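All of these numbers come straight from a predicted model, not from anything done at the bench. All values below come from the heavy atoms of this structure, side chains included, with hydrogens, waters and symmetry mates left out.
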Amino acid sequence: MGITDDQKLADEWAAALGEDPMAPDIDVDEVLAAPLDELQDSSTPISEDERRKLDTIMDIPVTISMEVGRSQISIRNLLQLNQGSVVELDRIAGESLDVMVNGTLIAHGEVVVVNDKFGIRLTDVISQTERIKKLR
């Protein structure tokens, strides 16, 4: 029986990774489990007072917007815009959109359609430290 294309490809990957494709399979019963420490929650629990303060701000409404791109035009050109006009944006087609909360960039994403409505799939969320740096 000849070697299939899948077997050839697997052998090529094994060679590239420095593995011997002809090495005998490891018997799972012979493998010993490595001793591992129990995972522990390193975060300190929040106090009842902190939880009450946090609950207070959780219902504050914020404005979330998705920005496709920007453009600067003169007032003269703005007044000449009508149905069918095209405004060129500063983004390349296919580039991620900016997700803004109250005008602050918090993530990047791509447009998706769910049940005939537009949505956004987050592809990159800005870290909290980066967001705080931008506020200063």
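- Evaluation of the salt bridge (Lys or Arg N to Asp or Glu O under 4.0 Å) rule for R76 yields no partner, not counting sequence neighbours.
- By the 6.0 Å contact criterion, CG on L78 is enclosed, its count of non-hydrogen atoms from other residues, nucleotides or ligands being greater than 12.
- The shortest heavy-atom contact between S96 and H108 is CB-CB, 3.9 Å.
- Within the hydrophobic cluster formed by Ile, Leu, Val, Met, Phe, Trp and Tyr side chains joined at under 4.5 Å, directly or through other members, L122 is accompanied by V62, I64, M66, V68, L89, L97, V99, V101, I106, V111, V113, F118, I120, V125.
- Put simply, the side chain of N102 gets close to the backbone of T63: a donor and an acceptor are under 3.5 Å apart.
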- Item | From CA spacing to verdict: side-chain contact (heavy atoms from CB on, under 4.5 Å), N77, Q80 | CA-CA 5 Å; N77 291 342; Q80 291 174 351; 3.7 Å; yes

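- Legend: residues meeting salt bridge (Lys or Arg N to Asp or Glu O under 4.0 Å) with D49, ordered by chain and number and at least two apart, are R52, K53.
- Using a cut-off of 4.0 Å between Lys/Arg side-chain N and Asp/Glu carboxylate O, D98 and R70 are scored as not salt-bridged.
- At most 12 heavy atoms of other shown residues, nucleotides or ligands fall within 6.0 angstrom of atom CD in E88.
- Counting only distance, with no hydrogens or angles, the side chain of E50 and the backbone of S47 share a donor-acceptor pair below 3.5 Å.
- Within 6.0 Å of CG on D116 lie no more than 12 heavy atoms contributed by other residues, nucleotides or ligands.
- Heavy-atom neighbours of I92 CD1 from other residues, nucleotides or ligands within 6.0 Å: at or below the threshold of 12.
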